[in-house]
Amino acid sequence: MSGTEEGARGGWRAVLAVVWRRKVVTASLAILLLMAFLAVFADWVSPHSPTAIRAARRLRPPSTVNWFGTDEYGRDLFTRVILGGRTSLLIGALTVLFSCFFGTILGMIGGYFRRVDMLVNRVIDAMMAFPDILLAITLISVLRPSASSVVVALGIVYTPRVARVARASTLVVRELAFIDAARVLGVPTWRILLSHVLPNISSPLIVQGTFIYAYAILAEAGLSYLGAGVSPEIPTWGGIINAGQQYIGRAPWLMWFPGLFIAVSVFSLQLAGDALRDVMDPRLRREAS
Amino acid sequence: MNGDSLLEVIDLRTVFVSGGRLFSAVDGVSFAIRKGETLALVGESGSGKSVTSLSIMRLVPNPPGRIAGGGIFFRSRSGAVEDLARLPLRSMRRVRGGEIAMIFQEPMTSLNPLFRVGFQISEAIRLHRGLGRREALREAERLLGLVDIPDPGERLWDFPHQLSGGMRQRVMIAMALSCQPSLVIADEPTTALDVTIQAQILDLMRSLQRELGMSILFITHNLGVVAEMADRVAVMYAGRIVETGTTRDVFSAPRHPYTRGLMDCIPGLIREGTASRRLYSIPGGMPDASRLPDGCVFAPRCRLAEPGCAGAEPELAGIGGDRFSRCRRWKEV
């Protein structure tokens, strides 16, 4: 499989080279890093408390004191938005880990063991037949709403997307001669899957994981907006938009800023995912460089 | 099982399901390999030679294929005779690599592109011989030296794409030999290599066999390679063996029209006295395994076919010495 071969040869240097050459990608990665930094060090970056209520300063427009303005309780919006980033980015990341873990297992089993492939494939199809948000809401209401159920629910929703990619790549890799060579040497099946198949299907999985990160942030915001996500005391981008929509006439910034953060983070992730795909797929690499 | 036999395949039948129908890719194949001997399994694409080797390794893809009958008796290192066709997969893993090793046709894809050569060789060593990481690497280096790779200590750290096709095939041979197998199955090991490298690899295999005393089952369609490598030959056609004998006998006087046809296809092997100047080619193609002709399966393409050939299929009958032919008119070939 020349794709993985190229990927291995170029390694991270090739990835970095493409990132550097494409300024859009450099910019989007910088933005993502900045968001992550703000989310992690929110308490340290912002002079305000996210929960301090000041009735006298409610619904103030953006100013030098309150950069993004204040909400209906006089809380500082900037602090709440970057804290919301902490929740959204973390839930997104955990969702990626969850769905990549189970999706990879499911997909490799389906792709490698032909006998269960039919079953795995039907399960994947059935899960993909549900609309994402609807399935997530159903799962969350079954699990009781909390941050961890959001992760589990979104993880389940996106598992089939990973599984499909893992299955398709496994189908290709299992036919390669080095898999037979390993079997002929008496390497146990679990080890073939782990040390020969998995590394060879990892590039498409990483790309898919990046896209799922973007979807998960969007879906988490949607769930919080609908009130089906994490509890409303915890600031999230979707939750802030939900609370702010009553004041859309008087204080539209309550929706602008969290909306902007959602859009920019999702867009940056998509760009990064595209770039990764270009680097890891040699057929597209020429365009990339 | 015969005292000096290492492997005896008896009446092996491997079937595949295709389009809802069952057909035999290997149908009643029997042969034996003695210790230290090289047997060549010769035939066109689709003759069942590769399926035979996959059956011995129990690597027939299932579904759609499976071993439907017969026995594959193998004398393991402990001296016990096991039927590989019925061995549980767990024990089969000990046999694979440990007692029977295999070399494939495509040296380009037989190595995992993501791992260094040394790691891949030592994987097998650690698996079967329980050595530690460091000892296994040292052993891998020794093996690379054994297969005449220069600077073995350096090459351990190469990735497969850094090696040429011939070098990769040497690495594959080193991997195959890593656990001192008593039988090496080589499935067209030189087909993908260019001619000078082919000769080097064949030389290497011969000298390693002399040194280590293993038996080789050599699968090929190349009669030139057979003449160079094999002690005995089994010619396969449509899932059956149609002729066997020592290489010298079979080459000097083929006793089946198919073998004869194969030899006439090769420019260098036309003996004096054969009048034809044009290179012979066997008319037609291998029959579809699901629609085999009645009687002798080769009859429709045979120069010697007569109406009687379409009756019962001839047996693989002894024709004196160690020779067998599946032709009613073998005397006339």
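In what follows, chains carry the letters A, B, and so on, assigned in the order in which the sequence lines appear, proteins first and then strands, with residues in each chain numbered from 1.
Considering all non-hydrogen atoms of both residues, B:Phe104 and A:Val184 come closest at CZ-CG2, 3.6 Å. Listed here is the closest heavy atom pair of B:Phe115 and A:Pro199: CZ-CG, 3.9 Å. The two residues B:Ser110 and A:Ala181 make their nearest non-hydrogen contact at O-CB, 3.6 Å. Between A:Asn200 and B:Pro113, the shortest heavy-atom contact is OD1-CG, 3.7 Å.
One finds the CG atom of B:Leu54 at 9.0 Å from the CZ atom of A:Arg183 (value rounded to the nearest 0.5 Å).
Of the two parts of B:Met175, the backbone and the side chain both hold a non-hydrogen atom closer than 4.5 Å to a non-hydrogen atom of chain A. Only the side chain of A:Arg114 comes within less than 4.5 Å of a heavy atom in chain B; its backbone stays farther off. Using a 4.5 Å cut-off between heavy atoms, B:Met57 touches chain A through its side chain atoms alone. For B:Leu127, the part lying under 4.5 angstrom from a heavy atom of chain A is the side chain only.
Enclosure of atom CZ in A:Arg161 by more than 12 non-hydrogen atoms of other residues, nucleotides or ligands within 6.0 angstrom is indicated. Counting non-hydrogen atoms of neighbouring residues, nucleotides and ligands closer than 6.0 angstrom, the CZ atom of B:Arg77 exceeds 12 such neighbours.
Listed options B:Leu59, B:Ile185, B:Val95, B:Leu89 were ranked by heavy-atom pairs under 4.5 angstrom with chain A; first place goes to B:Leu59. Interface check for chain A: of the options B:Met172, B:Gln120, B:His128, the most heavy-atom pairs under 4.5 Å are formed by B:His128.
Side chains of B:Glu123 and A:Leu185 form no contact here, defined as non-hydrogen atoms less than 4.5 Å apart.
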